[in-house]
Amino acid sequence: MSNAQTTPKLEERAHDQSAGGLSARKLAIMAIFIALSAVGALIKIPSPVGTVALDAAPGFFVALGFGGWMGAVVALVGHLLTAAITGFPLTLPVHLVIGVGMGACAWVFGWLGRKGTAGLVAGFVLALLINSPVLALIMLPMGGWALYIATVPSLAVGAAVNLAIATIAYLPLRKTRLLS
């Protein structure tokens with residue numbers, strides 16, 4: 001028997017390795033989009049906290065195009081990169097909580113957004129609501145209602161811009177083989 005007959009094809013090996021685990025392809029996709037998040041972290045939207053940036057758009061895109069948990073990881077790391085660049089103004093533990101919240105936003109957006117146009121709109125709105133008025137609640141113990149009210153508008157603008165970028169990038173690619 002020749003080696004060609006006993007060795008599985010490349011496609012079969014890639015499928016076997018990715019079934020239920022972290023494949024090299026998924027890891028590479030996340031690494032590329034985390035790098036894009038780092039670039040987005042440098043593009044700030046003015047806010048009282050200083051950590052509102054275009055770091056979440058890659059995470060939202062990955063959630064739509066490749067799956068919610070991958071997008072959640074990219075969004076979480078993207079927020080931590082932005083927070084690190086600004087010196088963790090709310091402390092590392094608070095930014096970890098916010099990062100997990102950003103991951104949840106990406107997951108929800110991806111989960112709903114993959115269910116058609118109505119799901120994409122619902123996911124956009126729900127992720128926007130979670131990202132701004134809900135996640136901003138973490139400001140209450142640190143600065144009270146004044147900081148909360150001051151922070152929500154910039155968070156809403158940042159979330160809307162990030163979600164719009166991800167949606168605009170996703171729409172022409174959603175029916176292609178590039179995304180799976």
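When a residue number appears, it is its place in the shown sequence, counting from 1.
In this structure, I130 CD1 and F109 CZ are separated by 12.0 Å, a value rounded to the nearest 0.5 Å. To the nearest 0.5 Å, the span separating CG on L90 from CD1 on I138 amounts to 7.5 Å. The CG atom of L92 lies 7.5 Å from the CG atom of L80; values are rounded to the nearest 0.5 Å. For the atom pair CZ (R114) and CG (L120), the distance works out to 12.0 Å, reported to the nearest 0.5 Å. Within the model, atoms CG of L112 and CG of L126 stand 6.5 Å from one another, a figure rounded to the nearest 0.5 Å. Here the NE2-CG distance, from H95 to L81, works out to 12.5 Å after rounding to the nearest 0.5 Å.
Considering every non-hydrogen atom in both G65 and L179, the closest pair reads O-CB, 3.4 Å. When all heavy atoms of T86 and G50 are compared, the closest pair comes out as CG2-O, 3.2 Å. Heavy atoms only, all atoms of each residue included: L155 and N131 are closest at O-OD1, 3.8 Å. Contact record, A136 with V152: CB-CG2, 3.7 Å, taken as the closest heavy-atom pair. In terms of heavy atoms, I98 sits closest to L135 at O-CD1, 4.3 Å. Between G103 and A72 the shortest heavy-atom distance is O-CB, 3.3 Å.
M139 has its side chain within reach of V49: a pair of non-hydrogen atoms, C-beta onward, lies under 4.5 Å apart. At a threshold of 4.5 Å between non-hydrogen side-chain atoms, the residues M30 and L22 count as touching. The shortest side-chain heavy-atom distance between V134 and L129 does not fall under the 4.5 Å cut-off. Considering only heavy atoms from C-beta on, M70 stays 4.5 Å or farther from V74 through its side chain. At least one side-chain heavy atom of T82 sits less than 4.5 Å from a side-chain heavy atom of K44. With contacts defined as side-chain heavy-atom distances shorter than 4.5 Å, the pair I34/P58 does not qualify. Under the 4.5 Å side-chain criterion, counting only non-hydrogen atoms from C-beta, S154 is not in contact with P46. Counting heavy atoms from C-beta outward, T151 and S47 have side chains that stay 4.5 Å or more apart.
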**Report entry** CA sep, side-chain torsions, deciding dist, call: F60, Y170, side chain to side chain contact (heavy atoms under 4.5 Å, CB included)
**Finding:** CA-CA 9 Å; F60 291 141; Y170 171 74; over 6 Å; no

Query raised in the report: Does the side chain to side chain contact (heavy atoms under 4.5 Å, CB included) test come out yes or no for L173 and F61, once each step is laid out?
Result: CA-CA 11 Å; L173 299 175; F61 177 81; 4.0 Å; yes

Requested in this report: Just do the side chain to side chain contact (heavy atoms under 4.5 Å, CB included) check on V94 and T91 with the steps written out, would you?
Outcome: CA-CA 6 Å; V94 171; T91 73; 3.4 Å; yes

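Ring geometry, W111 versus W107: the interplanar angle falls under 30°, so the pair is classed parallel (tilted spans 30 to 60°).
Panel note: side chain T176, backbone P172; no donor-acceptor pair is recorded below 3.5 Å. Side chain of Y148 to backbone of P133: a donor-acceptor contact under 3.5 angstrom is found. Of the possible polar contacts, one joining the N162 side chain to the A53 backbone as a donor-acceptor pair under 3.5 Å is found.
In terms of hydrophobic clustering, with Ile, Leu, Val, Met, Phe, Trp and Tyr side chains grouped at heavy-atom distances under 4.5 Å, L27 and V73 are assigned to a common cluster. Following chains of ILVMFWY side-chain contacts shorter than 4.5 Å, one cannot reach V77 starting from V52, and the two form parts of different hydrophobic clusters. In terms of hydrophobic clustering, with Ile, Leu, Val, Met, Phe, Trp and Tyr side chains grouped at heavy-atom distances under 4.5 Å, I149 and L140 are assigned to a common cluster. No path of Ile, Leu, Val, Met, Phe, Trp and Tyr side chains, each step under 4.5 Å between heavy atoms, connects I168 with I45, placing them in separate hydrophobic clusters. V121 and V161 are members of different hydrophobic clusters when ILVMFWY side chains are connected at heavy-atom separations under 4.5 Å.
Looking only at atom types and distance, the side chain of D55 has no donor-acceptor partner in the side chain of S37 under 3.5 Å away.
The side-chain contact (heavy atoms from CB on, under 4.5 Å) test with L54 is passed by exactly one of L36, L42, I43: I43.
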